[in-house]
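Atoms considered below: every heavy atom in the structure, side chains included; atoms not considered: hydrogens, waters and symmetry mates. Since this is a predicted model, take the numbers as computed values, not measurements. Lettering follows sequence order; numbering is per chain, from 1.
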Amino acid sequence: MSVGNNSTDPSNGAYLLKAKDFATDQDVRWCPGCGDYSILKQVQTVLADLEKQPHETVFISGIGCSSRFPYYMETYGMHSIHGRAPGFASGLRIAQPNLQVWLITGDGDGLSIGGNHLLHLFRRNFNLNVILFNNQIYGLTKGQYSPTSEENKKTVSTPYGSIDHPVNPIALALGADATFVARSMDRDPKHLKEMLVRADSHHGTSFLEVYQNCNIFNDGAFEAFTEKDTKPENCLFLENGQPLVFGARRDKGIRLDGFQPVVVHMSDGAATTDDLWIHDESDLIKAQILSRFFDLPASEGGAGLPRPFGVFYRTERSCYEDMLSEQLRDASEQGGDGDLDALLAGSNTWEIH
Amino acid sequence: MSVGNNSTDPSNGAYLLKAKDFATDQDVRWCPGCGDYSILKQVQTVLADLEKQPHETVFISGIGCSSRFPYYMETYGMHSIHGRAPGFASGLRIAQPNLQVWLITGDGDGLSIGGNHLLHLFRRNFNLNVILFNNQIYGLTKGQYSPTSEENKKTVSTPYGSIDHPVNPIALALGADATFVARSMDRDPKHLKEMLVRADSHHGTSFLEVYQNCNIFNDGAFEAFTEKDTKPENCLFLENGQPLVFGARRDKGIRLDGFQPVVVHMSDGAATTDDLWIHDESDLIKAQILSRFFDLPASEGGAGLPRPFGVFYRTERSCYEDMLSEQLRDASEQGGDGDLDALLAGSNTWEIH
Amino acid sequence: MDVNTITSEKEEVVIKFAGDSGDGMQLTGGLFTDDTAISGSDLATFPDFPAEIRAPVGTMAGVSGFQLHFGSRRIFTPGDRCDVLVAMNAAALKVNLGQLQPGATIIANEDGFDAKNLRLAKYADGENPLDNRSLDAYQVIRLPVTKLTREALADLPLGTKEKDRCKNMFVLGLLLWRYNRRLDTTQRFLEVKFRKKPDLLSANQRVLQAGYHLGDTMEEFTTRYTVRPAALAKGTYRNIMGNDGIVLGLLTAARKAGLPLFYGSYPITPASSILHGLAKHKHFGVKTFQAEDEIAAICAAIGASYGGNIGVTGTSGPGVALKGEAMGLAVMLELPLVICNIQRGGPSTGLPTKTEQSDLMQALYGRNGECPMPVVAAASPSDCFETAFEAVRIAIRHMTPVMLLSDGYIANGAEPWRFPRSADIPAIEVSFARPTADGTPFQPYARDERRVRPWAIPGTPGLMHRVGGLEKEDVTGNISYDPANHEHMVRTRAAKVDCIADHIPEQAIQAGYEQGDLLILGWGSTYGVCQSVTLELAAQGYRVGHAHLRYLNPFPRNLEQLIRQFRSVLVPEINNGQLVSVLRDKFLLPVRQYNKIQGTPITVEELRACALDILGEQ
Amino acid sequence: MDVNTITSEKEEVVIKFAGDSGDGMQLTGGLFTDDTAISGSDLATFPDFPAEIRAPVGTMAGVSGFQLHFGSRRIFTPGDRCDVLVAMNAAALKVNLGQLQPGATIIANEDGFDAKNLRLAKYADGENPLDNRSLDAYQVIRLPVTKLTREALADLPLGTKEKDRCKNMFVLGLLLWRYNRRLDTTQRFLEVKFRKKPDLLSANQRVLQAGYHLGDTMEEFTTRYTVRPAALAKGTYRNIMGNDGIVLGLLTAARKAGLPLFYGSYPITPASSILHGLAKHKHFGVKTFQAEDEIAAICAAIGASYGGNIGVTGTSGPGVALKGEAMGLAVMLELPLVICNIQRGGPSTGLPTKTEQSDLMQALYGRNGECPMPVVAAASPSDCFETAFEAVRIAIRHMTPVMLLSDGYIANGAEPWRFPRSADIPAIEVSFARPTADGTPFQPYARDERRVRPWAIPGTPGLMHRVGGLEKEDVTGNISYDPANHEHMVRTRAAKVDCIADHIPEQAIQAGYEQGDLLILGWGSTYGVCQSVTLELAAQGYRVGHAHLRYLNPFPRNLEQLIRQFRSVLVPEINNGQLVSVLRDKFLLPVRQYNKIQGTPITVEELRACALDILGEQ
Ligand SMILES: Cc1ncc(C[n+]2csc(CCOP(=O)(O)OP(=O)(O)O)c2C)c(N)n1
Ligand SMILES: Cc1ncc(C[n+]2csc(CCOP(=O)(O)OP(=O)(O)O)c2C)c(N)n1
Ligand code: SF4
Ligand code: SF4
Ligand SMILES: [Mg+2]
Ligand SMILES: [Mg+2]
């Protein structure tokens, strides 16, 4: 861990880690311009800001460009096998409940081959943070469509266009009873950092989908949300307790007609912020409605509902490893610390003289 | 196919198949009293009622007690491997789009090892019917808890009680964009048959969860919903376009306060059916709310919302195999039927003389 | 004891208790076994359950059996053929008739041979084997057990159903009388079992006594038999089943290594009972994790080992097929891991409730790339304890995944076990990597003389490093595409496994001659039959020896030399010759083979005949 | 052509085109190869791509290369060492210097050796290999290619970036001149390629000519070289890469069987291009299905075969590890299926972009239970066509899953192929089961003389039946726990695969002597090097022969006898000796082995040396 020009904690004079202290000496092998760089930088920054200890932090990934991530973090790390990171992370959480575990996955790694493990991770609610790099493509294998690719996508494996209906990761996570569900994007460092902090602070499995640009095989997939001219019209940034407002002049909002969300314009006095839907992170039903703001951005001919970013839903539920530790504690309080000789003897023995 | 005492179609004098014509000569190996028997009987009856042809019908299952099903159906059948039935069914649908495919799975087969395949089946929307036998236990392996088992369940594998938060199959299917989502129970043959007919009539993947009693390892898991004294209070039978009414005297209903469903009593005049929520199968958001009527029945100390049975949600979306056939048709219309010699030669050849 | 019964002695007896799943034959057999053990006999038992969870009452599919073989000599198998068959109904008789000794005794419950039972057992209309002289070759004792049971309980306030459930005690009592036992032990067990149900207790005790006294009173019973105690090593014994042996072996090894045990598994026959057994022992700090599938189970176990626990996963053949990719990763990560494969009949789903040894090649080769892994195999229920301990020891000391092979026959079989005292069990040394004093960078793939890399647990300051499935540079562990490094690593991983041979015992001859005409070389659950046949033939003067392989990869260093002490080698396997292939490959040695692929153990008769053929040719 | 250049003849030449990923070296090499092919030379090519998708410009990790070996004699490999290296930048030179012949020609683009490029190539400060005499052993031609290109395009309305993208044409032109070619073929290709971009077309043509003319004008170039046409069989040729060979083989076999082709796959290097290739050919009725994982992919393929298509799945080692359980089911179902394994460096994720032959044991044994499966292996890019055809034929005619092995070296390598005329390709006979005339019940596991069961497609009236992974009774296919039946079925499944040996060609000697001192016995991608070495040594009078195995299970009937015609057998493999193990097991035969496990092919030098050692000992 290279120690840069020291800055110290005024309170105790202890050395304070900086973002670059979380960087390894390995050359980063992503393509120039890849959205992964930004995510890496924000993660390193956030870990430093949160004064995390590198040796108490573990990054576990599957396989994919995104899953190269652990090699670039000066923490403990495992670049495992395709789609299975949740398994390794679950075992590690059980073995070492004091470590901080980050799980890095992609739209293929986490939603194609690894979908089932992710769902079971959500329901067990292990206390760790999942960052899903969604670039709507298989990057590492050079450009096949992925479960999140839009319909009729032409790729090397679908020259006639893909015919699978895409996964809605947020809706899926909610359906699987995830306790923390959020979305951010590579191109908005401030928001991304904020979401990383939120994810870290949640006790339970935090699921953070990050829109990430693959500038080689799927360049501009998220332009409508990331480019400053279209972003304000297409992105709805969720803030707990705040009305759902968006638009360059923050003059548009979301109101609910019964259950149907509609866009209302406040400029033309058609509505005021008081009429608007107030975001409530703890409301699963509303979160499920928000997760369905999923059609094409208006600029690309969609129904015109903006794409939400931020924390859709958050709830408290006991974590698997906490309950397990409790069972172990109770068991040894009752059963004692386990008398090996008694165990070996079992309930019924006899002597041969 | 044993042909019983003939009954014939008055119109054309053709022999009409009866339920027992869909039964094989194999002894059924389920435990006496198992809920599977009822489901088998209803399926055989429905196939006969719908005048299905045995040779055009295929049952594909994974592994589990429930997955023994195909052996008892005088149709084509494959008892495949654990959790993978969706793969085989997908391939078969693509190869033979004219066959009628039924996929039989269990809560372990379909939601534990096979969860991911089921989700991808849903989004691809192959035209087939999935019947998930949910007995909230692993039957064939003799009684371990399953992904649908209630929390703190004591089983051979969890003597201290299970600590996994259970899967909500309906919510999960909705989160995965299934196009037909319904629930029924082994003990209500009439309703079960109705749901089987509905599932069959849907063009796309029909997901039907059936509560099934495992009287050996999880007896009475669904008593509250199946026994006549508690059933009316705990079950809400959904009918499209009808108000949500339940109760022995059909005097209770569901109203929505904002998004919060509440039980209202019509006897005490507190409400009339006009105030009630009208079921709309095509409304995904409402279906999602209904899927959350999932806590313990009131009789077992739950919040008091009844458990819904019937079709939660239904929508039309193109099926994978139809779109694929179309692509193939277009391709040969453009590319011609494929000139093998041209293919072998490729774009660039030369002569050696 | 009344005068006109005489007592005769027997060296060994095989009894089969058979009845409907509901007749409680497993309990009956178990109780008689306990009493037998205490009487000092050596013994072996094997249950056979119906393939279905609950097959219809009275059908052959529903017959449940329990076989006990005991004697005053060493007993290694549950026995080929039965001297006594208890048949609680017609189906039980039909299913087991083929397994009887000529002249065997059949104790039949008449009440289980009524029209209905006969029909369910698929006897021809009007045919009752008890009447139609078809059993003349046997000594048939027919008793209206149900009737007698009800009579014995006539005055008790129990329903007929409950009363009938006691009828197995009647048979038990009768057999205890027949083998000259006393009732007290069994009484005590019943007291424990029915502590909370006093009326059931007295009912069962009454019926037990009724059966016992019938022996004294009934003319038919002229003889009682005694079996002298066997020459067993002095000490304290218990009964043990194979999967329980694994449970205890894993718990003991973890304790002796001072590491928490993590067991990740997905239920599958016949491995599930390991999960069940371990889950009961949370007060030993064992963490059991029922995963969503076999892949998640092994990955979680690897994750736990990465975190400094000893990670173990268990399954059967089809599950192992799913774990191949993750095992490959474990080989690359060079972390401790134990994979238990309780083999069953294959291929595919195969015969889940039957036994087989057909996953050896899969254990050795069922992964992509050059992916060497140590493989050990248990030979018997009690040997499961030591083998599981060894698997953990090797995994930890050599930082490698280890495959432990057992099978359905061992898993469900039981035998007496002179269990060790914990104090006598050696510790397993574990050394986690510590931060380098001089702050020099940590090298996760630096190796010791055994080619073993350090185990550096996340949470340790200063040892941050990255591991993964891509080829890595030796010493530093950085990703490396360097051609020479790849070859070096492939050969290093192989050498690391080979070098385990320097840290395991040499192969010994376990019975018979150290050299001579025929070596019976086995592995796994054929141990008992190999021992029996070898001792028998050696006693008859044949120069036969038996060696049984616990270590299948690497082999003990002296194996080839040991084999070459014999003119012929016979390898009996419950597969199509898998160890044979490995031996031919390793030693270019023509070996004879006996293969039985019927989901059932090789019998003494079968192996003896084969061995004698070979000896005859010489 | 100007007077002061002379023309000399060469028997063979190896050229390496190397530059940054962006420099278009693959295209340059491809175009030069096309022209070379038309000139009548025999040839072989191999690309080497950077391991990363887009490594940083100018770095060694970013170097992309294309190697061409052509000559007037038969050419079997891309060549060990290069006679000519085109180095578009410093990194390209550094990466490839090790591969050069002594005295080789280096054509270096000066503009790629500026300070920045030198630094990125990790040359010491101030060191430029073009200046510091470190290349004195070679003949260095340094040209400011970028500058010259820009000059050639000075007056064109293109951005510098676009102009610079033409610089590979300059080199191409120069090399066409050097090897005495004309420009017309290449011109034609450019016309096609840039049909829609006239300005880019003229730009590229201009630069091409500029490079060509430089040859005439520049003093340095005193010699042009000609390579006579090789003695190739007359006919029409095309170039083919390995995975395209599989694509064509599968499509042709399906067409010749009159069955729709279903390909279920999950992307993985280096197998993905089979999926890409097949997806392009929907007008051949091929149905491609990109599944959610490898397990779903093979299950879907089995489902398609169950439905009467020919189901195929393709992957690489780690994916095969996941398919083991489903392959076992396919063996039980006895349905046609082809599993393509394009092997890569292992174990685990290993070296995804490198080649290896280390999945042979996995192919043979990587499943639970006794689970025999035929295995065939392709020897070269063009052989992929025939081997894929054979795999489909065996799968259909013998109703069995078949494993087809290729590897990254074959997949990405290319060679000229005298492709067949469809009319000359035999049909594959398929007979679906038809309803029994007499209405007798259908027997799904009745077998013909090859032990093959009927293929009864759902939708056929009267043939309703159930299949599955549990052991089944022969003939009826009903579930059966009968011990004897299980053994019968295990042996039947094995015999069924063995009997395929009666329906494949006997093994032939493919080069050199039919008997003698040394047999070089290979399989898979070592074909070229085995041929080269054998022909060379045989020409020198050594009694060496070469046999290359396409059929790895079962072996051709005559294999052992053929092997025993030689004093020694040498098995070269890009693994740790897997075929060697199989041969030792099958034939108890000591074989010599040459193993290279570096992710790269065995070179002629290496194999020659090893062969000579063995011959020397004799
Ligand atoms: C078992 C297995 N199957 C397939 C692959 C090949 N593979 C590697 S990454 C990948 C998908 C990557 O997509 P994604 O998860 O979206 O990551 P990205 O590269 O887009 O960041 C695939 C199919 C593999 N390495 N292992
Ligand atoms: C690969 C694999 N893993 C595990 C098993 C063992 N197994 C068979 S069925 C089953 C679960 C059955 O539960 P469920 O799907 O709910 O079916 P049920 O028996 O309850 O009807 C398991 C774990 C198997 N056969 N194959
Ligand atoms: S391929 Fe795409 S995702 Fe992968 S590193 Fe390059 S730009 Fe990033
Ligand atoms: S175990 Fe349960 S689910 Fe299985 S057959 Fe018996 S009762 Fe039915
Ligand atoms: Mg991706
Ligand atoms: Mg179940």
Side-chain angles (χ1 to χ4, degrees), chain A residues 83 111-120 122-125 147 151-152 158-179 256 258-261 280 283-289 291-292 294 317-324 326-328 330-331 334, chain B residues 83 111-120 122-125 147 151-152 158-179 256 258-261 280 283-289 291-292 294 317-324 326-328 330-331 334:
Chain A
L111 297 173
S112 192
I113 192 170
N116 198 41
H117 305 303
L118 206 53
L119 299 179
H120 286 276
F122 289 155
R123 73 187 185 93
R124 294 184 183 125
N125 197 35
E151 267 164 59
N152 195 26
T158 51
Y160 293 81
S162 63
I163 55 182
D164 310 42
H165 175 77
V167 171
N168 177 333
I170 300 291
L172 189 63
L174 292 170
D177 290 3
T179 58
L256 279 161
F259 292 113
Q260 290 319 322
D280 175 0
D283 186 328
L284 176 57
I285 289 164
K286 285 220 187 96
Q288 287 175 324
I289 300 176
S291 74
R292 297 300 175 174
F294 197 58
R317 197 172 72 225
S318 346
C319 299
Y320 188 100
E321 65 273 47
D322 298 341
M323 290 187 278
L324 181 57
E326 210 168 288
Q327 283 190 336
L328 291 169
D330 298 353
Q334 290 144 32
Chain B
L111 297 173
S112 192
I113 191 169
N116 199 41
H117 304 303
L118 206 53
L119 300 178
H120 287 275
F122 288 155
R123 73 187 185 92
R124 293 184 184 124
N125 197 35
E151 266 163 58
N152 196 24
T158 51
Y160 293 80
S162 62
I163 54 181
D164 311 42
H165 175 76
V167 170
N168 177 332
I170 300 290
L172 189 63
L174 292 171
D177 291 2
T179 58
L256 279 161
F259 293 110
Q260 290 319 320
D280 174 0
D283 186 328
L284 175 57
I285 289 164
K286 285 215 186 106
Q288 288 175 325
I289 300 176
S291 74
R292 297 299 175 174
F294 198 59
R317 196 172 71 226
S318 340
C319 299
Y320 187 101
E321 65 272 47
D322 299 340
M323 290 186 277
L324 181 57
E326 210 169 291
Q327 284 191 336
L328 290 170
D330 298 352
Q334 289 144 31

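- The CD atom of B:Gln327 sits 8.5 Å away from atom OG1 of A:Thr158, with the distance rounded to the nearest 0.5 Å.
- Atom-to-atom distance recorded for B:Leu328:CG and A:Tyr160:OH is 8.5 Å, nearest 0.5 angstrom.
- Here A:Asn116 contributes atom CG and B:Leu119 contributes atom CG; the two are 7.0 Å apart, rounded to the nearest 0.5 Å.
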For this session: Kindly determine whether A:Asn125 and B:His165 satisfy side chain to side chain donor-acceptor pair (under 3.5 Å), including the steps that lead there.
Result: CA-CA 8 Å; A:Asn125 197 35; B:His165 175 76; over 6 Å; no
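- Counting heavy-atom pairs closer than 4.5 Å to chain A, the top-ranked of the candidates B:Lys286, B:Arg292, B:His120 is B:Arg292.
- With chain B as the partner, the residue from A:Arg317, A:Met323, A:Arg124 showing the most heavy-atom pairs under 4.5 Å is A:Arg317.
- Both the backbone and the side chain of B:Ala331 have a heavy atom closer than 4.5 Å to some heavy atom of chain A.
- Put simply, CG on A:Asn168 and CG on B:Asp177 are 6.5 Å apart, with the number rounded to the nearest 0.5 Å.
- Taken to the nearest 0.5 Å, the CD1 atom of A:Ile285 stands 8.5 Å off from the OG atom of B:Ser291.
- When side chains are defined from C-beta on, B:Arg123 counts as touching A:Asp164, because their heavy atoms get closer than 4.5 Å.
- When each of B:Pro147, B:Ala176, B:Gly114 is checked for heavy-atom pairs under 4.5 Å with chain A, B:Pro147 comes out on top.
- Contact count against chain B (heavy-atom pairs under 4.5 Å) is highest for A:Gly161 among A:Ala173, A:Gly258, A:Gly161.
- Only the backbone of B:Pro166 comes within contact range of chain A, with heavy atoms under 4.5 Å apart.
- For chain A, the option among B:Ile289, B:Asp283, B:Ile170, B:Leu118 with the highest count of heavy-atom pairs below 4.5 Å is B:Ile289.
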